[in-house]
Each structure stands twice: as C-alpha cells, then as structure tokens.
Amino acid sequence: MTTKRIFSVFIVLVMSSQFAFANYGFYRKVTNTCKYYRVTVDEKKMSLTKNKDGSYSFSIEMKSLRNNFEMVMLVGFIAVGQAMNHQEKFAKKKPGYTAIVPEDTDVTVIIPVSRQNTIITAKATAGQIRQLTDGKIDSAGFMRLIKNSIQTL
C-alpha cells in the first residue's frame, strides 16, 4: 500500500513540475534575448500566470533610458516571441510536453524623467507577437497594431 502511495505522489510531483521547469525555461529565454539586445531585465520582474481557462498570461517590467522607451518595449515583446518559439520547438522534440505560449503579454517600461518616473504599458496578443518575431511586420507596424493598448501612467 505504501509503495502505491509513494508512486502516486511521485507521479503528481513529476506532472506538476512541468510548469515549474517551463516557467524557468521561459524566463531564461526572455532574459537571454534581452541581454542580446543589451537591455537588462530582472527575472523577479517577470510573471507567467496560468488563467482559469488554461491559457497563460505574461508580464514583464523593464527600465529604460530617457528617450529609448520604444526600443526597450519592442525588445520585451521580441524576447517573449523568442521564448514562445523556443517552447514550441522544445514541445516538438519532447513528446508529452506542452508548450507555454502566453495569450496576452503586458510590457511595462519605467522611464526616469524627473523625480517621478513615467510608466508606459502596452499589451499584445500571441498572434501579434508572432507576426513581429516571424518578420511578417516591422517594428513600426507592430507599434501601430498595439497602439490602442499603450497607456501612460
């Protein structure tokens, strides 16, 4: 009886650990892509959450120089797109693995303008991010796609 119980607990742990490892892999890919573009990002400022319907949402907070917020925002979305592509390629190689693809991504950029920071947020869907990372639209076209979601706080 105890062997069955130990085995069942082990199976539950293995099945639930996929999200933890996928979470780590997603964060690492986002961080490495941002480093490639020389944008520093803290993994503690990222959040990958699973919604009630089974889909995922991702948010990231980044810091920018004064006149460079648009480039930092684009790098955030590109990094998420690269992480999504990485997850999908990994899922093709490993049977039974489910790729982590966030349906909604929020990028928040903090700009030090004066004593108070300016905060700009934008939201994009997975389809919009795929168009950007696949090269179907350029950065200006992507910014036009998400212009209605951009807010200054």
Side-chain angles (χ1 to χ4, degrees), residues 13-51 53-153:
L13 287 175
V14 168
M15 297 302 279
S16 66
S17 69
Q18 177 187 352
F19 182 70
F21 289 125
N23 199 358
Y24 174 76
F26 196 88
Y27 286 3
R28 290 301 311 159
K29 189 64 177 176
V30 169
T31 303
N32 289 340
T33 304
C34 288
K35 282 182 184 177
Y36 179 79
Y37 287 100
R38 294 188 178 136
V39 174
T40 56
V41 67
D42 185 8
E43 285 187 22
K44 295 175 186 171
K45 303 286 183 165
M46 297 182 209
S47 174
L48 181 65
T49 56
K50 190 171 186 176
N51 302 326
D53 62 353
S55 64
Y56 292 95
S57 295
F58 182 74
S59 63
I60 183 171
E61 183 179 303
M62 307 170 84
K63 289 190 177 182
S64 171
L65 298 175
R66 224 179 179 159
N67 300 324
N68 208 14
F69 78 91
E70 187 175 331
M71 190 275 296
V72 172
M73 185 175 286
L74 284 168
V75 167
F77 284 117
I78 289 169
V80 171
Q82 292 296 326
M84 288 177 1
N85 290 341
H86 181 263
Q87 286 285 315
E88 289 169 345
K89 286 179 185 175
F90 190 71
K92 287 179 183 175
K93 291 180 183 176
K94 187 175 180 182
Y97 181 81
T98 306
I100 303 293
V101 178
E103 286 299 315
D104 294 315
T105 300
D106 292 314
V107 174
T108 303
V109 180
I110 299 172
I111 309 158
V113 178
S114 61
R115 289 182 183 165
Q116 295 181 352
N117 294 332
T118 300
I119 300 171
I120 298 177
T121 64
K123 188 176 214 169
T125 64
Q128 293 168 334
I129 294 172
R130 279 188 217 282
Q131 287 180 351
L132 177 65
T133 56
D134 292 345
K136 294 180 181 174
I137 57 172
D138 60 353
S139 59
F142 178 75
M143 292 305 279
R144 281 191 295 275
L145 274 177
I146 65 167
K147 72 179 178 185
N148 293 333
S149 72
I150 298 174
Q151 296 179 355
T152 304
L153 306 174

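Scope of the values below: all heavy atoms of this structure, side chains included, with no hydrogens, waters or symmetry mates. In what follows, residues are counted from 1 in the order of the sequence shown.
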Asker: How long is the straight-line distance from CZ of Phe77 back to CD of Gln131, given to the nearest 0.5 Å?
Answerer: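 Here the rounded value is 13.0 Å.
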Asker: Are the side chain of Tyr37 and the backbone N or O of Leu74 linked by a donor-acceptor pair below 3.5 Å?
Answerer: no
Asker: Minimum heavy-atom separation for Asp53 to Ser55, with atom names?
Answerer: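 Nearest pair, atom of Asp53 first, then Ser55: OD1-OG, 2.7 Å.
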Asker: For residues Ala79 and Cys34, report the shortest heavy-atom separation together with the two atoms involved.
Answerer: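 Where Ala79 meets Cys34 most closely, the heavy atoms are CB-SG, 3.8 Å.
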Asker: Measure across Ala124 and Phe142 and return the closest heavy-atom pair with its distance rounded to 0.1 Å.
Answerer: CB-CZ, 3.9 Å
Asker: With heavy-atom distances below 4.5 Å as the criterion, would you say the side chains of Val39 and Met71 are in contact?
Answerer: yes
Asker: CG/Leu153 to OG1/Thr121 distance, rounded to the nearest 0.5 angstrom?
Answerer: 5.0 Å
Asker: Please step through side chain to side chain contact (heavy atoms under 4.5 Å, CB included) for the pair Thr118 and Phe69, ending with a clear verdict.
Answerer: CA-CA 10 Å; Thr118 300; Phe69 78 91; over 6 Å; no
Asker: Go through the steps to decide whether Met62 and Ile60 satisfy the test side chain to side chain contact (heavy atoms under 4.5 Å, CB included), and finish with yes or no.
Answerer: CA-CA 7 Å; Met62 307 170 84; Ile60 183 171; 3.9 Å; yes
Asker: Quick check: Tyr56 with Phe26 (ring centres under 6.0 Å apart)?
Answerer: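 No, they do not, as the ring centres are separated by 6.0 Å or more.
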Asker: Measuring from Asn85:CG to Thr133:OG1, what's the distance to the nearest 0.5 Å?
Answerer: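 Answer rounded to 0.5 Å: 4.5 Å.
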Asker: Taking it one step at a time, do Ile119 and Thr152 satisfy side chain to side chain contact (heavy atoms under 4.5 Å, CB included)?
Answerer: CA-CA 6 Å; Ile119 300 171; Thr152 304; over 6 Å; no
Asker: How many angstroms lie between CE in Met46 and CD in Glu43, if you round to the nearest 0.5 Å?
Answerer: 5.0 Å
Asker: In the structure I gave you, are the side-chain heavy atoms of His86 and Thr33 within less than 4.5 Å of one another anywhere?
Answerer: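 They are not in side-chain contact.
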Asker: For Pro112 versus Asn117, what's the shortest heavy-atom pair and its separation?
Answerer: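 Scanning both residues completely, I find the closest heavy atoms to be CA-OD1, 3.5 Å.
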Asker: Give a yes-or-no answer on whether the side chains of Asn51 and Ser57 include a donor-acceptor pair shorter than 3.5 Å.
Answerer: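 There is such a pair between these side chains.
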Asker: Test of understanding: with side-chain hydrogen bond (donor to acceptor under 3.5 Å, both in side chains), list the residues that count as partners of Ser139, not counting sequence neighbours.
Answerer: none
Asker: Taking the side chain from Asn68 and the backbone from Ser64, do they hold a donor-acceptor pair closer than 3.5 Å?
Answerer: no
Asker: Indicate the atoms forming the closest heavy-atom contact of Pro102 with Met84, along with that distance.
Answerer: CD-CG, 3.8 Å
Asker: Nearest 0.5 Å, please: how far is CG in Leu132 from CD in Gln82?
Answerer: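 Spacing of CD (Gln82) from CG (Leu132) equals 9.5 Å.
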Asker: side-chain contact (heavy atoms from CB on, under 4.5 Å) with Ile120: which of Met73, Glu70, Gln151?
Answerer: Met73
Asker: If I take atom NZ from residue Lys45 and atom OG1 from residue Thr108, how far apart are they, to the nearest 0.5 angstrom?
Answerer: 10.5 Å
